[in-house]
Amino acid sequence: MSRRLVLAAAQLGPIQKSEGRDVAVGRMVRLLETAHRRGAEVVVFPELALTTFFPRWYHEDLAEADHWYETALPSNATAPLFEAARKFNIGFHLGYAERTPEGRRFNTAVYVHPSGEVVLKYRKVHLPGHAEYDPTRTVQHLEKRYFEVGDLGFPVVRAPVGEAQVNIGMMICNDRRWPEAWRVLGLQQVELVMLGYNTPSLNMENRGFEAHHLRVFHSHLSIQAGCYQNACFAAGVAKAGDEDGHELFGHSIIVNPQGEIMAQATSWGDELIVADCDLGMCELGRRTIFNFAAHRRVEAYGRITGQTGSAAPAEWVPKG
């Protein structure tokens with residue numbers, strides 16, 4: 001029996017520092033309405049979809065940043081999003097900053113069933129940036145200050161999405177660049193990876209020496225390779241446009257298990273892209289090239305988990 005899923009990626013335009021959650025939630029509700037009209041069964045929103053990308057700003061006292069975090073879902077501010085999902089019978093993925101009852105802080109994403117129940121939670125593992133103010137940078141990237149490394153691993157759950165049961169996993173932003181993250185999901189037979197990001201058009205670490213066009217290319221390359229090598233679909237969903245004076249590159253995509261881009265956003269604002277996904281496409285790679293049971297050689301992969309930093313190889317010396 002064919003298993004199909006109508007998947008929507010809901011790119012968001014910029015969310016300014018001065019704008020409240022009501023503005024962002026209102027825009028997301030309108031995107032859910034559009035998704036309903038276009039027949040989507042699940043909508044994927046970006047990383048930190050409720051606020052601006054606040055790790056650009058330094059606070060000496062972390063408590064001064066508490067207003068950026070969510071302590072409960074749904075909250076009064078996010079309730080309209082949950083209500084719209086219930087009304088339209090659409091599941092959704094939401095990225096947000098989480099503060100736990102114990103005061104821990106994570107860059108988090110959840111998949112929410114149309115009933116409003118949280119099916120799966122993921123906390124970002126690969127945090128880029130730095131923890132202390134860097135006077136040499138024109139733009140700070142303080143994710144290591146505002147978030148702990150995720151403590152949930154890379155979980156996959158089999159859950160209803162529309163009329164299909166789907167193996168769902170999640171990543172956030174920088175995770176997409178790490179093939180280990182994709183492989184851990186692939187080893188759990190993931191079929192759909194939900195992935196949000198807030199990626200700037202310029203790499204501040206390279207002080208402008210990375211060609212502008214390569215920012216989008218490297219993002220797409222990572223997602224397309226991850227889907228191909230792990231036989232899964234993915235929705236890679238961005239923020240886009242000028243957010244508080246900083247350009248985010250957008251170019252949200254939906255990718256199939258062959259690594260092909262099925263749909264791509266072309267604007268700098270709120271935009272919904274939709275693809276009809278045949279989940280049976282995941283089976284070919286798992287039966288053939290990426291049949292892990294038949295072809296993986298774990299005895300040769302010790303360095304993957306046994307070593308963190310890179311190490312120089314031994315130097316060859318001629319015998320004579």
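For reference, positions follow the sequence shown, starting with 1. Excluded from the calculations below are hydrogen atoms, water molecules and symmetry mates; all remaining heavy atoms, backbone and side chain alike, are included.
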Does [X] come within less than 4.0 Å of [Y], counting only side-chain N to carboxylate O?
X	Y	answer
Arg123	Asp151	yes
Asp244	Lys17	no
Glu132	Arg145	yes

Take atom [atom1] of [X] as the centre, draw a 6.0 Å sphere, and report whether it contains more than 12 heavy atoms from other residues, nucleotides or ligands.
X	atom1	answer
Glu315	CD	no
Phe249	CZ	yes
Trp178	CH2	no

Given the rule that I, L, V, M, F, W and Y join up when any side-chain heavy atoms are under 4.5 Å apart, are [X] and [Y] in one cluster?
X	Y	result
Phe290	Leu284	no
Leu185	Leu120	yes
Val184	Ile304	no
Ile273	Leu195	yes
Leu5	Phe92	no

How about [X] and [Y]: does a side-chain donor come under 3.5 Å of a side-chain acceptor?
X	Y	answer
Glu102	Thr100	yes
Tyr96	Glu98	no
Thr78	Arg21	no

Query raised in the report: Would Glu271 and Ser252 satisfy side-chain contact (heavy atoms from CB on, under 4.5 Å), going step by step from the backbone distance to the final call?
Result: CA-CA 9 Å; Glu271 181 179 350; Ser252 302; over 6 Å; no
Side-chain contact, heavy-atom cut-off 4.5 Å: [X] with [Y]?
X	Y	result
Phe45	Val237	no
Glu247	Asp242	no
Leu94	Val112	no
Asn256	Cys277	no
Pro257	Phe233	yes
Glu33	Phe88	yes
Met262	Leu7	no
Gln189	Val156	no

Ignoring hydrogens, what is the shortest heavy-atom contact between [X] and [Y]? Give both atom names and the distance.
X	Y	answer
Gly226	Cys232	O-SG, 4.2 Å
Ala235	Ala9	CB-CB, 4.4 Å
Pro114	Asn89	CB-OD1, 3.5 Å
Ala49	Leu12	O-CD1, 3.7 Å
Ala231	Cys282	O-CB, 3.3 Å
Pro74	Ala79	CB-CA, 4.2 Å

Quick one: pull up [atom1] in [X] and [atom2] in [Y] and give me the separation to the nearest 0.5 Å.
X	Y	atom1	atom2	result
Leu127	Leu142	CG	CG	12.0 Å
His295	Thr288	NE2	OG1	7.5 Å
Arg27	Leu32	CZ	CG	13.5 Å
Asn174	Arg177	CG	CZ	6.0 Å
Thr199	His251	OG1	NE2	12.5 Å
Phe53	Lys239	CZ	NZ	8.0 Å

Are the side chain of [X] and the backbone of [Y] linked by a donor-acceptor contact shorter than 3.5 Å?
X	Y	result
Gln229	Gly186	no
Gln11	Ser267	yes
Asp61	Ala63	yes
Asn107	Phe147	no
Ser219	Arg215	no
Gln16	Thr52	no
Glu143	Pro55	no
Glu180	Trp182	no
Arg38	Leu272	yes
Lys124	Asp175	no

Query raised in the report: When Val161 is tested against each of Ile90, Val166, Leu279, Val6 for side chain to side chain contact (heavy atoms under 4.5 Å, CB included), which residue passes?
Result: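 Testing Val161 for a side chain to side chain contact (heavy atoms under 4.5 Å, CB included) against Ile90, Val166, Leu279, Val6 leaves exactly one candidate, Val166.
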**Report entry** Stepwise side-chain contact (heavy atoms from CB on, under 4.5 Å) check, His130 with Lys144
**Finding:** CA-CA 5 Å; His130 49 105; Lys144 283 183 165 65; 5.6 Å; no
Query - side-chain contact (heavy atoms from CB on, under 4.5 Å) between Glu70 and Thr108, intermediate numbers included - result: CA-CA 10 Å; Glu70 311 304 312; Thr108 299; over 6 Å; no
Query raised in the report: Considering the options Glu191, Glu283, Glu41, Glu163, which one meets the salt bridge (Lys or Arg N to Asp or Glu O under 4.0 Å) requirement together with Arg3?
Result: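 Checked Glu191, Glu283, Glu41, Glu163 against Arg3; only one passes salt bridge (Lys or Arg N to Asp or Glu O under 4.0 Å): Glu191.
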Query raised in the report: For the residue pair His59 and His67, does the interplanar ring angle fall in the parallel (under 30°), tilted (30 to 60°) or perpendicular (over 60°) class?
Result: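 Aromatic pair His59/His67 classed perpendicular.
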Query raised in the report: Parallel, tilted or perpendicular: which describes the rings of Trp68 and Phe54, with under 30° parallel and over 60° perpendicular?
Result: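 Plane angle under 30°, so parallel.
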Requested in this report: Kindly determine whether Ile261 and Gln224 satisfy side-chain contact (heavy atoms from CB on, under 4.5 Å), including the steps that lead there.
Outcome: CA-CA 7 Å; Ile261 294 176; Gln224 290 176 260; 3.7 Å; yes
